[in-house]
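Per chain, numbering begins at 1; letters A, B, ... match sequence-line order.
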There are 2 protein chains.
Amino acid sequence: MNIGEVARRSGLPAKTIRYYEDIGLVRPPRDANDYRNFGEEELHRLAFLGRARALGFSIEDCRGLMRLYEDRDRASSDVKRIAGAHLARIDKRIAELSEMRNTLRDLVRCCAGDARPDCPILADLSGAG
Amino acid sequence: MNIGEVARRSGLPAKTIRYYEDIGLVRPPRDANDYRNFGEEELHRLAFLGRARALGFSIEDCRGLMRLYEDRDRASSDVKRIAGAHLARIDKRIAELSEMRNTLRDLVRCCAGDARPDCPILADLSGAG
DNA sequence: GCTTGACCTTCCATCTACTGGAACCCTTAT
DNA sequence: ATAAGGGTTCCAGTAGATGGAAGGTCAAGC
């Protein structure tokens, strides 16, 4: 299977697949013409990576998850630890963004948005209050 | 005022202040010894930038907001447009993260987290279901 | 006058996770 | 023969800093 077909079937751009090979997440063999030749197993790994990335896992997390996935002697606690830490980071990030949103929403709501220069948004940023 | 004091008073790391000068957000004059010499106005600009960044505005947004801040003939609609677009991006990002969180939370909740290899998190990532 | 330590300077590398593009090779159809 | 549509490598760039090396400056203390 050439990279184009793998890209179609995995949903990942060919560029990204090459990048994943570059950083050692997949190791497709090569044909005589230097083309990458993916099997079903590599395709499956890439799909796994795509889903993990879609859940926001970092590349290093993905590497760890993949290693665990392929380790028949894994402990589910190791998987859960990675996912739990990621969940905590997401919660933290959502909290940060929510606070930004609340502040911003109030400021935007108070701004007349007309041709006059007076603006509570700029007033807030300039340190008033 | 040297960069150290400005860093303390603005809350921004000296490195960041140098970076902001590098990309043209501030232009402190120099003393004979090449040290940056910040006045109250530069300090104020940096504090403005710090608050805008804390609200998640991009550097380019900050540049625009700063320009508007210093333009006495600005229209508040221009400010509101930048802030509104940013607010929409934040809302979108929160929605994305919330969806990740919901999925992850369910998966983590279902994972035994013990010494056994069976794991719904890996099962999901591998495409089961 | 000399050293010590806390400043300051520039410049280069690194981080995340790709993405774009140039220059070039391979295959197949016409 | 050539053109289209694959594939290849390699280099640069994105955002927003941050770390560190190598070296200049300044004030205090001996």
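Atom CD of Glu41(B) has 12 or fewer heavy atoms from other residues, nucleotides or ligands within 6.0 Å. The environment of Arg27(A) atom CZ is sparse: at most 12 non-hydrogen atoms of other residues, nucleotides or ligands sit within 6.0 angstrom.
Note on Lys92(A) versus Glu96(A): salt bridge recorded, some NZ/NE/NH1/NH2 to OD/OE distance being below 4.0 Å. Electrostatic pairing of Arg63(B) and Glu60(B) counts as a salt bridge here, judged by a charged N lying under 4.0 Å from a carboxylate O.
Take Arg8(B) and apply the side chain to side chain donor-acceptor pair (under 3.5 Å) test, not counting sequence neighbours, and it matches no residue.
Side-chain nitrogen and oxygen atoms of Arg36(B) include at least one within less than 4.0 Å of the OP1 or OP2 phosphate oxygen of dT10(C). Phosphate contact (OP1/OP2 of dC8(C), side-chain N/O of Arg18(B), threshold under 4.0 Å): absent. Residue Thr16(B) places no side-chain N or O under 4.0 Å from the OP1 or OP2 atom of dG16(D).
Across the protein-nucleic acid pair, Tyr19(B) atom OH and dA13(C) atom P stand 17 Å apart, rounded to whole Å. Ile17(A) has its CD1 atom 10 Å from the P atom of dG7(D), to the nearest Å. Between Leu12(A) atom CG and dA17(C) atom P the separation is 14 Å, expressed in whole Å. The nearest whole Å value for the distance from the CG atom in Asp31(A) to the P atom in dC25(C) is 19 Å. Rounding to whole angstrom units, CG of residue Asn2(A) and C1' of dT28(C) are separated by 13 Å. Following rounding to the nearest Å, Asp34(A) (CG) and dC10(D) (C1') show an atom-to-atom distance of 14 Å. Atom CG of Asp22(A) and atom P of dC10(D) are 9 Å apart (whole Å). Here dT16(C) presents its C1' atom at 8 Å from CZ of Arg53(A), a figure rounded to the nearest Å.
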Atom pairs, N/O to N/O, protein against nucleotides 20-23 of chain D, distance under 3.5 Å?
from    : atom 1 : to       : atom 2 : distance (Å)
dG20(D) : O6     : Lys15(B) : NZ     : 2.1

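The residue Ile23(B) sits apart from the nucleic acid: no heavy atom pair falls under 4.0 Å.
A residue-by-residue look at Glu21(A) and Tyr35(A) shows that Tyr35(A) has its nearest nucleotide of DNA chain D further toward the 5' end. For the pair Phe38(A) and Phe57(B), both in contact range of DNA chain D, the more 5′-proximal nearest nucleotide belongs to Phe38(A). When each of Tyr20(A) and Asn33(A) is assigned the nucleotide of DNA chain C bearing its nearest heavy atom, the one mapping closer to the 5' terminus is Tyr20(A).
Comparing atom distances between the Arg30(A) side chain and each of dA17(C), dG7(D), dT9(D) picks out dT9(D) as nearest. Nearest to the side-chain atoms of Ile59(A) among the listed nucleotides dA17(C), dT18(D), dT19(C) stands dA17(C).
In this structure, the side chain of Ser10(A) does not engage the main chain of Ala47(A) through any donor-acceptor pair within 3.5 Å.
The hydrophobic clustering, which links ILVMFWY residues whose side-chain heavy atoms are closer than 4.5 Å, places Met1(A) and Tyr35(A) apart.
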